[in-house]
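The structure displayed is predicted, hence computed values, not measured ones. Counting starts at 1 for both ligands and their atoms, in listed order.
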Amino acid sequence: MIFKKIAVVGTGYVGLVTGVALSEIGHSVTCVDIDEQKVASMREGISPIYEPGLSDLMKKNYEAGRLSFTTSHELAFSDADAIYIAVGTPQKEDGTADLRFIESVARNIAEHLTSYAVIVTKSTVPVGTNDYIKQYIEKHTDVSFDVVSNPEFLREGSAVHDTFNGDRIVIGSDSPFAGQVIEDINAPFGIPVFKTDIRSAEMIKYASNAFLATKISFVNEIATLCEKLGANVEDVAKGMGQDKRIGEKFLNAGIGYGGSCFPKDTSALVQIAGNVEHEFTLLKAVIEVNYKQQRLLLDKAKEHFGSLRGKTIAMLGTAFKPNTDDMREAASTILARELVLAGAHVVAYDPIAMDAAKKLFPEAVDFAENVKSALKGADAAFLVTEWDDFKELRPEQYASLLKEPVLFDGRNCYDLEGMKGAGMDYYSIGRPVVKVERELV
Ligand SMILES: NC(=O)c1ccc[n+]([C@@H]2O[C@H](COP(=O)([O-])OP(=O)(O)OC[C@H]3O[C@@H](n4cnc5c(N)ncnc54)[C@H](O)[C@@H]3O)[C@@H](O)[C@H]2O)c1
Ligand SMILES: O=c1ccn([C@@H]2O[C@H](COP(=O)(O)OP(=O)(O)O[C@H]3O[C@H](CO)[C@@H](O)[C@H](O)[C@H]3O)[C@@H](O)[C@H]2O)c(=O)[nH]1
């Protein structure tokens, strides 16, 4: 194995995890970020993001001298065999992908490239973006280089695990040499490689995310039908998933998908289609279903209480999924805003993402120190993120801490049988409602 000198541009969820993982398999990695605070923190051995297993691995490779951090593109790119682009491609107001960070990295590379390197795009970029990167750099430097599309499929909350255990590594290239360099770099991971052209690689990323989002919105529509027809979506999903052509994964009904990827990537793909005069009807419906789904707990609570004015709601979980501090496009943000607008008092708790939530939630929202103090005296609870801390609570504990008591579970964390006799009304997604048997007076 020939270990390479690698620069990674951007130290977010993808860049830092990629940099750390590449150093762990033996390469010499320099991570460069424009955020001085992030770089300072990483140099002190503190990961700027919460991701299970990342901190220890980062410290280990930093101390071993295989991993370094800088704010200087010049330093990072000098003699690099490969330059990985892992900057953000957020959503613009019109739904298209905002490529200004990609454009700035292209400028950085054109300015500081001193010898041949393979430029690898990990960021999720619209089809044709790698062609743009190539043309821009070619125009502004005489140094030779190749461009490779190498989309990333890791999930937040399990990013380190996913990087070492991915299903495939997609390498899109029009240069067999450059494609081989990236395959060699990744060889120690032992993950199957799929090679294709650059545009197909770019499309694989969007198509994969759009397909997974479609699976989620599909099962959520089935969940709504189950509620109306007296079926149980959990059993329905299990029964469907046993068909290998369907597969059991990503069929968990709930309050929709959030996060830094599905919402923006589905919108971007609708726009990418629009640019070539194709209306992506199916994906538009997926997005519309998700919009309704993210507000579902609110509808259920309004139906239960009549009005939410003056009610105290304990919000359990603010992160878009467990094991992350990421709040991008989290359903909790919508729910907190809408609950406050409806006149409710919100007390939120999240084991990890509370600092991020404080910056995003309306000022009227209070934050509790732990799950029990969030629940104590509240009229109802909204279970928004399926953290283990919440799932470990027994139904009776909710019932004894809540005033009314009623639990609106957006993630189907509890078994319906276990809820019967817990002394609490229990609403979940796509499953029958469990009601407390109250004495008639
Ligand atoms: N977050 C995920 O789970 C995930 C998974 C797969 C793919 N992706 C894609 O990967 C890309 C990165 O996502 P992320 O969530 O890691 O982003 P992020 O916003 O967490 O991090 C991006 C980092 O890039 C830095 N940056 C911006 N411009 C720079 C420049 N010119 N030079 C150096 N650093 C610069 C920023 O300061 C920031 O630290 C996106 O395209 C995203 O769609 C993300
Ligand atoms: O059956 C399911 C599975 C997920 N979700 C929700 O879908 C969202 C996304 O979850 P997940 O895919 O686990 O997390 P991400 O970190 O957003 O990862 C997705 O987005 C990344 C960024 O592009 C990709 O790299 C990953 O492959 C892709 O799974 C979350 O809100 C989940 O609650 C459901 O509602 N039901």
Side-chain angles (χ1 to χ4, degrees), residues 7-19 31-39 42 48-49 51 69-73 76-77 83-91 97-109 111-112 121-126 129 150-159 162-163 166-167 205-206 208-213 215-220 223 237 241 247-266 268 290 293-294 317 319-326 328-332 384-386 410-412 429:
V8 179
V9 192
T11 57
Y13 292 86
V14 169
L16 184 55
V17 173
T18 301
C31 293
V32 54
D33 202 297
I34 47 173
D35 187 327
E36 286 175 11
Q37 261 183 326
K38 273 192 180 177
V39 172
M42 291 180 294
I49 53 168
E51 194 58 60
F69 304 102
T70 179
T71 53
S72 161
H73 294 92
F77 298 163
I83 300 173
Y84 278 69
I85 304 177
V87 294
T89 47
Q91 188 178 332
D98 185 345
L99 295 179
R100 76 195 133 115
F101 299 114
I102 294 285
E103 286 158 8
S104 76
V105 180
R107 280 196 298 277
N108 298 145
I109 295 174
E111 203 178 329
H112 298 296
T121 309
K122 281 247 134 200
S123 299
T124 303
V125 292
T129 306
N150 174 216
E152 178 53 60
F153 300 98
L154 63 77
R155 292 162 301 172
E156 286 179 26
S158 54
D162 291 352
T163 305
D167 291 331
K205 177 62 198 178
Y206 279 103
S208 302
N209 273 1
F211 189 77
L212 291 170
K215 242 182 142 177
I216 297 170
S217 277
F218 183 85
V219 79
N220 282 336
E248 63 189 11
K249 303 220 170 102
F250 272 70
L251 283 180
N252 295 321
I255 49 170
Y257 58 79
S260 69
C261 292
F262 287 173
K264 83 168 169 70
D265 292 344
T266 46
N290 199 57
Q293 211 68 22
Q294 289 193 310
F320 84 95
K321 64 180 281 192
N323 299 318
T324 180
D325 56 353
D326 201 343
R328 288 179 279 187
E329 302 293 329
S332 66
V384 176
T385 319
E386 63 275 37
R411 297 292 174 191
N412 289 353
I429 310 290

Write out the residue and atom name of the closest protein heavy atom to [atom], then the distance separating them to 0.1 Å.
| atom | answer |
| --- | --- |
| atom 24 (O) of ligand 1 | Gly10 CA, 3.4 Å |
| atom 31 (O) of ligand 2 | Gly258 N, 2.9 Å |
| atom 18 (P) of ligand 1 | Gly12 CA, 3.9 Å |
| atom 13 (O) of ligand 1 | Val14 CG2, 4.2 Å |
| atom 25 (O) of ligand 2 | Leu154 O, 2.6 Å |
| atom 40 (C) of ligand 1 | Thr89 OG1, 3.5 Å |
| atom 36 (N) of ligand 2 | Asn252 O, 3.0 Å |
| atom 16 (O) of ligand 2 | Glu156 N, 2.7 Å |
| atom 14 (P) of ligand 1 | Tyr13 N, 4.0 Å |
| atom 32 (N) of ligand 1 | His73 NE2, 2.8 Å |
| atom 26 (N) of ligand 1 | Val87 CG1, 3.6 Å |
| atom 1 (N) of ligand 1 | Glu156 OE2, 2.8 Å |
| atom 12 (O) of ligand 2 | Phe250 CZ, 3.2 Å |
| atom 27 (O) of ligand 2 | Phe153 O, 2.7 Å |

So, does [X] sit close enough to ligand 2 that a heavy atom of it is under 4.0 Å from the ligand?
| X | result |
| --- | --- |
| Gly254 | no |
| Arg411 | yes |
| Gly256 | yes |
| Cys261 | yes |
| Glu386 | no |

Is the shortest N/O to N/O distance between [X] and ligand 2 below 3.5 Å?
| X | value |
| --- | --- |
| Tyr257 | no |
| Lys321 | yes |
| Phe262 | no |
| Ile216 | no |
| Phe320 | yes |

CZ (Phe218) with more than 12 external heavy atoms under 6.0 Å
no
Before giving the answer on side chain to side chain contact (heavy atoms under 4.5 Å, CB included), spell out for Tyr13 and Arg328 the whole-Å C-alpha distance, their side-chain angles and the decisive distance to 0.1 Å.
CA-CA 12 Å; Tyr13 292 86; Arg328 288 179 279 187; 3.3 Å; yes
Under 4.0 Å, heavy atoms only, figure out whether ligand 2 is touched by the backbone of Leu251, its side chain, both or neither.
backbone
Could you see which bit of Lys205 sits under 4.0 Å from ligand 2, with heavy atoms only: side chain, backbone, both or neither?
side chain
Output yes when a side-chain donor or acceptor of [X] lies under 3.5 Å from a complementary backbone atom of [Y], and no otherwise.
| X | Y | value |
| --- | --- | --- |
| Gln91 | Asp98 | no |
| Ser123 | Val87 | yes |
| Asn209 | Asp265 | no |
| Glu51 | Thr324 | no |
| Glu386 | Lys321 | no |
| Thr129 | Pro126 | yes |

Just wondering, do Thr124 and Tyr206 contact through their side chains at under 4.5 Å, heavy atoms?
yes
Just go through [options] and tell me whose heavy atom is the nearest to [atom].
| atom | options | result |
| --- | --- | --- |
| atom 38 (C) of ligand 1 | Asp33, Ile49, Asn108 | Asp33 |
| atom 30 (C) of ligand 1 | Asp35, Asp98, Ile34 | Ile34 |
| atom 18 (O) of ligand 2 | Gln293, Arg155, Glu329, Lys264 | Arg155 |

Which bit of [X] is near ligand 1, meaning a heavy atom under 4.0 Å away: side chain, backbone, both or neither?
| X | result |
| --- | --- |
| Lys264 | side chain |
| Ser123 | both |
| Cys261 | side chain |
| Arg100 | neither |

Should you measure from each heavy atom of [X], which atoms of ligand 1 turn up under 4.0 Å away?
| X | result |
| --- | --- |
| Val32 | 33 (C), 34 (N) |
| Phe101 | 27 (C), 28 (N) |
| Val9 | 32 (N), 33 (C) |
| Arg328 | 15 (O), 19 (O), 20 (O) |
| Lys205 | 6 (C) |
| Glu152 | 6 (C), 7 (C) |
| Ser104 | 31 (N) |
| Ser260 | 1 (N), 2 (C) |

For a side chain to side chain contact (heavy atoms under 4.5 Å, CB included) check, start with the C-alpha distance between Leu16 and Met42, then their side-chain angles and the critical distance, and finish with the verdict.
CA-CA 10 Å; Leu16 184 55; Met42 291 180 294; 3.7 Å; yes
Would you sort out whether Ile255 and Arg411 count as a side chain to side chain contact (heavy atoms under 4.5 Å, CB included), showing the intermediate values?
CA-CA 7 Å; Ile255 49 170; Arg411 297 292 174 191; 3.6 Å; yes
Do ligand 1 and Lys38 have nitrogen or oxygen atoms that lie under 3.5 Å from each other?
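There is such a contact, yes.
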Glu36 CD to Thr70 OG1 distance, which is reported to the nearest 0.5 Å
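One finds 10.0 Å between CD of Glu36 and OG1 of Thr70.
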I need the Lys122 NZ to Thr89 OG1 distance, nearest 0.5 Å.
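It is 13.5 Å, given to the nearest 0.5 Å.
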Apply side chain to side chain contact (heavy atoms under 4.5 Å, CB included) to the pair Asn290 and Phe262, showing each step before the final yes or no.
CA-CA 10 Å; Asn290 199 57; Phe262 287 173; over 6 Å; no
Mutual orientation of the aromatic rings belonging to His112 and His73 [parallel < 30°, tilted 30-60°, perpendicular > 60°]
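Rings of His112 and His73: parallel, under 30°.
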